[in-house]
There are 2 protein chains.
Amino acid sequence: MGRPRTALLDKERITTTALGLVDRHGDFSVPRMAKLLGVQTASVYHHVDGRAGVIELLRERVASAIDAGTLALRPWDAAMAAWARSYRAAFAAHPRAIPLLTASPVRAPQVLIQYEHAAGLLQAAGFPLERIVAVIAGLEAIVLGSALDLAAPETMWEVPADGSTPRFAEALAAGGSGRADAAFELALEAFMEHCRRLLEHGGWRMAAGDGDRGDGVGDRG
Amino acid sequence: MGRPRTALLDKERITTTALGLVDRHGDFSVPRMAKLLGVQTASVYHHVDGRAGVIELLRERVASAIDAGTLALRPWDAAMAAWARSYRAAFAAHPRAIPLLTASPVRAPQVLIQYEHAAGLLQAAGFPLERIVAVIAGLEAIVLGSALDLAAPETMWEVPADGSTPRFAEALAAGGSGRADAAFELALEAFMEHCRRLLEHGGWRMAAGDGDRGDGVGDRG
DNA sequence: ACCTGAACACCGTTCAAGT
DNA sequence: ACCTGAACACCGTTCAAGT
């Protein structure tokens, strides 16, 4: 029983099967994928660079839902904010995959091109060249950090039953159900507003605590 | 060869060994730990709730380096910023552990007590009760998201050699070496300033785009 | 080129047997 | 209570053999 006339497997089907397993069970294994695909475990290795390769495919698949068109919006802050929301929404669609995906970054060309667009956008908007990576990386940190909150929603903010954290419990109860979304929007809004201000006021060179209004926050060293 | 007069193992030694393996090799396994500890694999299970239990111990160990004293600082924004920096520094000390640790949150009482202190701090500062969790969660997202950047520093921002991302490459070169730190500081500064402003101006109820100054950024729906 | 069957080293976990 | 030795099911990966 050797090579079939037409290939039984392809990366598409492999990726879909793996993502289905992750969505349902929080993880995948090559043998389980093979069983679902009706194939021997070893067959998968003819199409994919092992387990790590499957994870990379998952990363690309999930990231493909990011709407690159957002970066064509103007002005630049509308573009970056919409991009960040789309980025996070792509991860939010597969919360159980998030721990698998955040361990290492997306290297797919389609995503690197988005970085390129973002860099061009920020450069055109007037950001100093040496700050552009920090802006992109900061925004991405907010996106990924907020995404982690979606991965374990129940346990993330489980409050001890012994009443040892009354004020936190109170705040948690008052916060309502959309906590993760609210935190993301708060951080995103803060980030965009800060960048807008720095751009307008040319404040990039300002030393800490020079008194414009309450900038000196603490141990900056 | 049964039970020894004095126990060979304890959680301390197990945790230290696991963390050493993670620091050196990026991962650990129960058999490898046992070998280093000079003990049978099964022995570890008498002290720890399996592999998941070891990970929880790692979480606690790493989190124990967070300086809870920062939350006693005043004013509230100095406290929160110092806490965030200490939080991130604790993770930064073990970058290869970060993917293991961010998959699920810290449930150790010592850390939950820090949430409690933060909640009290923000309440006393005058934050509306229903926004306090969003402030804490937003700050934590920035901390954890920035920490992920430390886990894979080389590959995180590897630029394709084919010249397909010239502006991004340019920005990367101009950004210098402390990229991850700069991004974290930028996001943290933005977050603290935004919270300060909202507190002072009572802006929490403001609808998006009501014109204060360019707040309406995009697809908020 | 692609699938199979068998093999290998390794893993997490359990458990009866010892003290 | 704690350590051992043996066992079990499962995993990732490789490879020669087939077409």
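Every heavy atom of this structure was used, including side-chain atoms; hydrogens, water molecules and symmetry mates were not. Below, chain A is the first sequence line, B the second, and so on; all start at residue 1.
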Are [X] and [Y] close enough that a side-chain donor and a side-chain acceptor fall under 3.5 Å?
X	Y	answer
A/R61	A/T16	yes
B/Y87	B/Q114	no
A/Y45	A/Q40	no

Problem set entry | Stepwise side-chain contact (heavy atoms from CB on, under 4.5 Å) test for A/V111 and A/R59 | CA-CA 10 Å; A/V111 176; A/R59 228 188 299 280; over 6 Å; no
Could you give the [atom1]-to-[atom2] distance, from [X] to [N], as a whole number of Å?
X	N	atom1	atom2	result
B/R5	D/dC2	CZ	C1'	14 Å
B/K11	D/dA1	NZ	C1'	14 Å
A/L37	C/dC3	CG	P	10 Å
A/L9	C/dA1	CG	P	16 Å
B/L21	C/dC11	CG	P	10 Å
A/K35	C/dC3	NZ	P	18 Å

Count the heavy atoms belonging to other residues, nucleotides or ligands that lie under 6.0 Å from [atom1] of [X], then report whether that count exceeds 12.
X	atom1	result
B/D23	CG	yes
A/Q110	CD	yes
B/D49	CG	no

Exercise. Do any side-chain nitrogens or oxygens of A/S43 fall under 4.0 Å of OP1 or OP2 in C/dT4?
Worked result: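 Yes, A/S43 has a side-chain N/O under 4.0 Å of OP1/OP2 on C/dT4.
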Exercise. What are the residues of residues 12-19 of chain B, sorted by number, that bring a heavy atom to within less than 4.0 Å of DNA chain D?
Worked result: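 None - not one residue of the stretch has a heavy atom sitting under 4.0 Å from the strand.
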Exercise. Looking at the side chain of B/Q40, which of D/dG5, D/dC3, C/dC2 is the nearest nucleotide?
Worked result: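 Looking only at heavy atoms from C-beta outward on B/Q40, the closest nucleotide is D/dG5.
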All N/O contacts under 3.5 Å from nucleotides 12-15 of chain D to the protein, with atom names and distances to one decimal?
| from | atom 1 | to | atom 2 | distance (Å) |
| --- | --- | --- | --- | --- |
| D/dG12 | OP1 | A/R51 | NH1 | 3.3 |
| D/dG12 | OP2 | A/V30 | N | 2.8 |
| D/dT13 | OP2 | A/Y45 | OH | 3.1 |
| D/dT13 | OP2 | A/R51 | N | 2.8 |

Exercise. B/R88 and B/D181: salt bridge (charged side-chain N to carboxylate O under 4.0 Å, His left out), yes or no, with the steps?
Worked result: CA-CA 10 Å; B/R88 178 168 175 271; B/D181 289 347; 3.1 Å; yes
Exercise. Does NZ or CZ of B/R51 fall inside the cone over B/F28's six-membered ring, less than 6.0 Å from its centre and within 45° of the axis?
Worked result: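 Yes - B/R51 lies over the ring of B/F28, closer than 6.0 Å to its centre and within 45° of its axis.
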For this session: Go through the steps for B/D67 and B/T70 under the test side-chain contact (heavy atoms from CB on, under 4.5 Å), then give the verdict.
Result: CA-CA 6 Å; B/D67 180 5; B/T70 53; 3.8 Å; yes
Problem set entry | Base-pair map of DNA chain D as dot-bracket, where | denotes pairing with a different strand and pairs are Watson-Crick or G-U under 3.5 Å | ||.|||||...|||||.||
For this session: Could you check A/L37 against A/R13 for side-chain contact (heavy atoms from CB on, under 4.5 Å), going step by step and ending with a plain yes or no?
Result: CA-CA 8 Å; A/L37 289 162; A/R13 292 215 317 127; 3.8 Å; yes
